[in-house]
Structure formats: C-alpha cells, structure tokens
Amino acid sequence: MKKYMYTILSLCLIINPLIASEVFITSPDRFYASKALLSETVRTDLPRTQVIDGKLGALPSNVLTVDSRTLTQSGRPLSPTTRQQITQAQGTYGTVRLVQELWKNTLDSFPQWCPVTGCTPICVATANWNKQPLLTINPHAGCVEGCALNAYYDPRTHELVFPQFLDSGRMKYTCSSFDVVAHETGHACLDAMVPGLLRTGRLDHRALHESFGDLTALFASLSLVSEDVQAAWLSKPSSDTCIGGDLTGACIRDPHDDESIRCEEHSLSKPLTRFMCSYLQHQWQYNTSGVSAGDVLRQGRKDFLTAILLNSKSDNILTGITHYFHNNKTPIEDSYLTLLTYQFKSCPLAAA
Ligand SMILES: [Zn+2]
C-alpha cells in the first residue's frame, strides 16, 4: 500500500510555491476559454471521459456544455455556490478535452500506416491511445494531506482528482487552475499512450512525467492565444514560463529558476522542461522558411513525443531524449549537453 501511494503521489503537482517575476500561462481567462471551446472545436473522437464530482455527483454531458445560468434545480434557480461549482466543473472538463484533443492531434500528425514487419513505437502508442479505459474526473474532491495544495492522476483507477486546499485561511479548489488541470491531464495522456511503461517508480520516469505535464500545460495554454502572443513567447520563453500561477498568484513551478536540482521528480523535471523551451525558441529563431509560430509549436510537440516514444525503454529516458535531439542535428552546445547529462545521471534512478 505504501508503495502504491508513493506511485500515485509521485505524479502529483509540486507543493513548493515560488514567487513569479512574470506570469505567462496563468490568465484566469484560460480556464473559462476552455469551457467555451466545448461547443466549438472539440472533436468527437476523443477518449471516453466522465465527470463524477465530489460535491455535485455525476454530471451528464448536457450539463457540462450549457450556460450554467440556464440550469435549475427542482424548478428553482441554482444557488450561487452550486452555480460556481458547476462552472468550475465545466471549465475542468473543457480543459481535459482540450488537452486530449491536443495530444490526439499530435498522434494523428504522424503517418497513419504501420509496417507489417513490426509495430513502431508510434503505432503502439496510437493503438494504446485508441483503447484507453474510461477516464473519470473529480473536480471537487475533499482535502488531502491536511488540505495542502495538491492534485493527482491515479493510473490505477484512471481518475483525475482535484482536491480542495487551504490558501491563506480560504478554501479553494485546485480544479479552478487551467495549468493544474492541464498538467494532470498530461499525466493521463502520456499514460494512455504508454500504459505502465513510464510509471515504474524510477526517478527518470517520474521526472519525465512531470516535465510532460508542465509542457502539456504550456502547449495547451499557447494553443488558446493568438499567433502574435505565441511568437512573443517563442522569442523570449526563458522569462515567461511560470506554471500554475493562476491558482494562488504564486508560481508553482518555473523551469528557469536557479534552484539547485535535487534528486526528486519535480526538481529533476525542470532541466528537461527548460531544454524543451530552449529548443522551441531555437526552432523559431532560426526559422527561415516562414513557418508560423503555431506550426513551430505543433512540430515541437511532435518532436517531443517522438523523442519520448523512441526512448521509452532507455536506461535513462532523460538523457535518451536530450541525446535524441542532439543526434538529430539540433544544435545543442557540447557544454549544455554535458551539463544536462551530468544532472540527469547524478541521481540514483532505482524504483523507490
Ligand atoms: Zn505531476
């Protein structure tokens, strides 16, 4: 049981807030924009998903996609509290669907054929994705760990859980953060593509999962803004990558802060996230063929997923990914590659 709990918690969001100097992917608008997306763009062939809310019970899809002001309860208008909770559940559901659509689109951007001589990792990931189990979302779960800030994806039950937490004496819900919901859904999406393979308890696997969650939040947020804003971020991502600042006003994670790296998954994920941000910046900076900012981000997602899937059985997936980029002629300075390799190899990776 202890080991099982450890595995679940290893996928959680971190709990060491940092003060953000600049907040980028934290606008409250993102959360509500994701709700609006439901009626516009979300494709109909996404994984099966249900909302079983800790406060509201099971919420059918027609409740999740209408204006909460039109809903009634026993013929009477909803109380302000209930309406707010339904709005939060709708935003959570919308964000989950947005993230699922993002990775589904990425998978679909690969060639849709598989060699008869043997499946490629991309084919296997696509097949796994298409048969993933029902995903359950609980936007309003009770407190965990003394009402500390935390949220998690439980791979055993395929459940996204967003508990309430205490912030300066006020009870808040982690589901109200676009970044938190997107991060946790990233865990679920990666697990759907390589079920079990990257949740072994090994530190490099756990760190990869955390980086994937953070980059998912980043990609999802950038998918909701104009190409001008995307281009602005690509021009200077190093100062604008605060993740989770929409929850308490403080940045939950910033891959560019100068904290020394510890042998813990959230800490060890930061060099990889920072590396991917630098890669995207580089691809934009040296883009000479007039490719749009949106295309650079889409290709970056595809490259990241390719690197993960081709290295999913590496002895150390973190070094496997960075060396994959290096070997594919991405100009990584030797000193930077050496530093990353040193960081990724400096911790014992054995399962806890
Ligand atoms: Zn996480």
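One-based numbering, in listed order, for ligands and for the atoms of each. Numbering of residues begins at 1 and proceeds along the displayed sequence.
Of the possible donor and acceptor atoms, one in the side chain of Thr322 sits under 3.5 Å from a partner among the backbone N and O of Thr319.
In summary, Glu184 places no N/O/S atom under 2.8 Å from the Zn ion (ligand 1), failing the contact criterion. For a distance bound of 2.8 Å, the N, O or S atoms of His266 include none lying that close to the Zn ion (ligand 1). Look at His183 and the Zn ion (ligand 1): an N/O/S atom of the residue is under 2.8 Å from the metal.
Taking the Zn ion (ligand 1) as reference, the nearest N/O/S atom within Glu210 carries the name OE1. The minimum distance between the Zn ion (ligand 1) and any N, O or S atom of His187 involves atom NE2.
The aromatic rings of Tyr153 and His158 sit tilted relative to each other, their planes meeting at an angle between 30° and 60°.
In the hydrophobic clustering, where aliphatic and aromatic side chains (Ile, Leu, Val, Met, Phe, Trp, Tyr) are joined below 4.5 Å either directly or transitively, Tyr286 stands alone. Within the hydrophobic cluster formed by Ile, Leu, Val, Met, Phe, Trp and Tyr side chains joined at under 4.5 Å, directly or through other members, Leu166 is accompanied by Met171.
Cys123 does not pair with Cys119 as a disulfide, the SG atoms being 2.5 Å or more apart.
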